[in-house]
2 protein chains.
Amino acid sequence: MTKAHGFHQHDHAACISDALTTAEAYCAARKLQFTPVRRRTLEVLLAHHRTMGAYEVLGHLDASGFGAQPPVAYRALDFLVKHGFAHKVEAMNAYVACSHSGAQHVPAFLICRQCSTVQEAQIEPMQNGLGDAANDAGFAIERAVVEAQGLCPSCQQSAPE
Amino acid sequence: MTKAHGFHQHDHAACISDALTTAEAYCAARKLQFTPVRRRTLEVLLAHHRTMGAYEVLGHLDASGFGAQPPVAYRALDFLVKHGFAHKVEAMNAYVACSHSGAQHVPAFLICRQCSTVQEAQIEPMQNGLGDAANDAGFAIERAVVEAQGLCPSCQQSAPE
DNA sequence: GAATTATATGTAATGATATAACATATCAAG
DNA sequence: CTTGATATGTTATATCATTACATATAATTC
Ligand SMILES: [Zn+2]
Ligand SMILES: [Zn+2]
Ligand SMILES: [Zn+2]
Ligand SMILES: [Zn+2]
């Protein structure tokens with residue numbers, strides 16, 4: 001089975017299973033608790049393979065027998081984001097599974113304003129001009145949010161404006 | 001009078017008056033309506049010289065005799081953002097007056113996680129690796145959000161952790 | 001300059017996103 | 001087994017943002 005991954009197709013089943021295996025191994029190595037609700041949250045993000053709001057994720061967790069209140073989703077999502085298994089897309093207040101699981105990276109997103117599809121890209125940490133600005137200011141960067149908004153290939157055709 | 005601007009001091013009164021003059025001229029040239037509520041909103045952002053939530057801005061507008069309901073602030077802020085007089089810091093759901101008023105630019109922010117001070121920097125649009133990723137994907141970038149989170153110079157001393 | 005259209009403002013109601021606080025349960029270490 | 005740390009569940013509340021609609025002002029057309 002294939003499914004859209006960003007703007008292309010790919011083997012979705014393998015993609016899910018790889019990401020779960022990677023997360024499991026990462027947690028085992030660091031003695032992090034990859035608990036059922038955290039695992040299920042990652043599964044939900046991976047299965048949908050697009051950005052999801054916390055309440056949408058929560059609906060799936062509730063349906064799977066976990067708690068039904070917002071902190072259930074927010075805590076699991078915070079765990080996944082903290083350890084790099086998922087990212088928060090700040091411009092959408094939404095979450096997405098990481099497409100480069102395992103690799104340490106600065107995530108960057110291409111967000112289509114028409115169809116809301118999001119593709120994760122990788123950028124060079126200090127090669128974006130921001131590093132220079134931070135050095136000049138004496139600012140110590142810990143995390144970077146890089147999000148581009150525009151039109152994806154297919155939406156450029158349907159809305160050529 | 002001087003006031004913190006990002007991480008340094010500067011002549012704040014001149015900074016406010018320059019930005020208002022620039023906005024006024026820009027609007028006059030394009031026949032945009034720089035109405036009292038829009039002007040006051042920019043004044044409020046400029047006077048505080050830091051990020052402000054929409055409801056905090058709304059409080060000042062209400063106190064100045066404008067409407068007291070959220071759309072009053074959101075509409076004025078949207079106008080300012082649309083025309084480049086202010087920016088939204090997505091990672092904080094907050095707004096800040098532009099520090100480079102008049103110049104067309106891709107805004108980038110250095111956000112201190114401890115004191116919440118935000119400094120605006122400028123980056124080269126297509127020189128940040130994101131341009132390459134977008135070209136590869138056939139994605140047409142219209143707008144970019146670039147926000148670095150970390151510790152500002154003074155907070156590095158007080159929290160050297 | 002009156003009629004028409006577009007733009008802007010004010011308000012009420014609601015929706016969407018996120019956290020604080022606290023009780024209970026489970027896990028890790030001594 | 002006891003203790004302390006971590007994780008989960010629930011209630012309530014805080015914070016951010018929009019829809020819908022009425023009224024007012026500005027720009028355009030005749
Ligand atoms: Zn990633
Ligand atoms: Zn699209
Ligand atoms: Zn700016
Ligand atoms: Zn600081």
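The sequence lines fix the lettering, A, B, ..., with proteins before strands; numbering per chain opens at 1.
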ask   = Given atom CZ of A/Arg40 and atom P of D/dG9, what is their separation to the nearest angstrom?
value = 14 Å
ask   = Does C/dT9 have OP1 or OP2 sitting under 4.0 Å from an N or O in the side chain of B/Thr35?
value = yes
request  = Assign each of A/Ala54 and A/Arg75 to its nearest nucleotide of DNA chain C by heavy atoms, then name whichever residue's nucleotide is nearer the 5' end.
outcome  = A/Ala54
request  = Taking only the side-chain heavy atoms of A/Gln33 (C-beta and beyond), determine which of C/dG10, C/dT19, D/dT6 contains the nearest atom.
outcome  = D/dT6
inquiry  = Whole angstroms only, please: what is the OH-P distance between B/Tyr74 and C/dG15?
reply    = 17 Å
note = Separation of C/dA16 atom C1' from A/Glu90 atom CD, nearest Å, is 16 Å
request  = Could you state the atom-to-atom distance from CG of A/Leu80 to P of D/dA7 in whole Å?
outcome  = 12 Å
Distance-only donor-acceptor pairs under 3.5 Å for side chains of residues 61-75 of chain B, two or more places apart:
{"from": "B/Ser64", "atom 1": "OG", "to": "B/Arg40", "atom 2": "NE", "distance (Å)": "2.9"}
{"from": "B/Ser64", "atom 1": "OG", "to": "B/His60", "atom 2": "O", "distance (Å)": "2.8"}

ask   = Separation of A/Glu56 atom CD from C/dT17 atom P, in whole Å?
value = 10 Å
inquiry  = Hydrogens and angles aside, do A/Arg113 and A/Gln149 bring a side-chain donor and acceptor to less than 3.5 Å of each other?
reply    = no
Euclidean distance, atom CZ of residue A/Phe34 to atom C1' of C/dC27 [Å, nearest integer] = 18 Å
ask   = Is it true that B/Glu90 and B/Arg143 have a side-chain N and a carboxylate O under 4.0 angstrom from each other?
value = yes
query = Under the 3.5 Å rule, do the base of C/dA18 and the side chain of A/Tyr55 count as making a donor-acceptor pair?
reply = yes
key: Pairwise 5' ranking along DNA chain D for B/Gln69 and A/Phe79, keeping only the more 5' one   = A/Phe79
key: Cluster overlap B/Ile141 with B/Val145, hydrophobic side-chain contacts below 4.5 Å   = no
message = Distance check needed: D/dT25 C1' versus B/Leu32 CG, whole Å only.
response = 17 Å
ask   = When you match A/Arg38 and B/Lys31 each to their closest nucleotide on DNA chain D, which lands nearer the 5' end?
value = A/Arg38
query = Are B/His105 and B/His87 an aromatic pair by the rule of ring centers under 6.0 Å?
reply = yes
Sidechain-backbone polar pair: B/Gln156 side chain, A/Gly138 backbone, donor-acceptor under 3.5 Å = yes
request  = Look at the rings of B/Phe85 and B/Phe79 and say which category their plane angle falls in: under 30° parallel, 30 to 60° tilted, over 60° perpendicular.
outcome  = tilted
request  = Kindly state which residues belonging to residues 57-68 of chain A come within less than 4.0 angstrom of DNA chain D, counting heavy atoms of the residue only, listed by number.
outcome  = A/Gly67, A/Ala68
ask   = For A/Asn93 and D/dA14, what is the distance between atoms CG and C1' respectively, to the nearest whole Å?
value = 15 Å
key: Shortest side-chain distance from A/Pro70, nucleotide among C/dG10, C/dA13, D/dA12   = D/dA12
ask   = Of the nucleotides C/dT9, C/dT11, D/dA17, which has the atom closest to the B/Pro71 side chain?
value = C/dT11
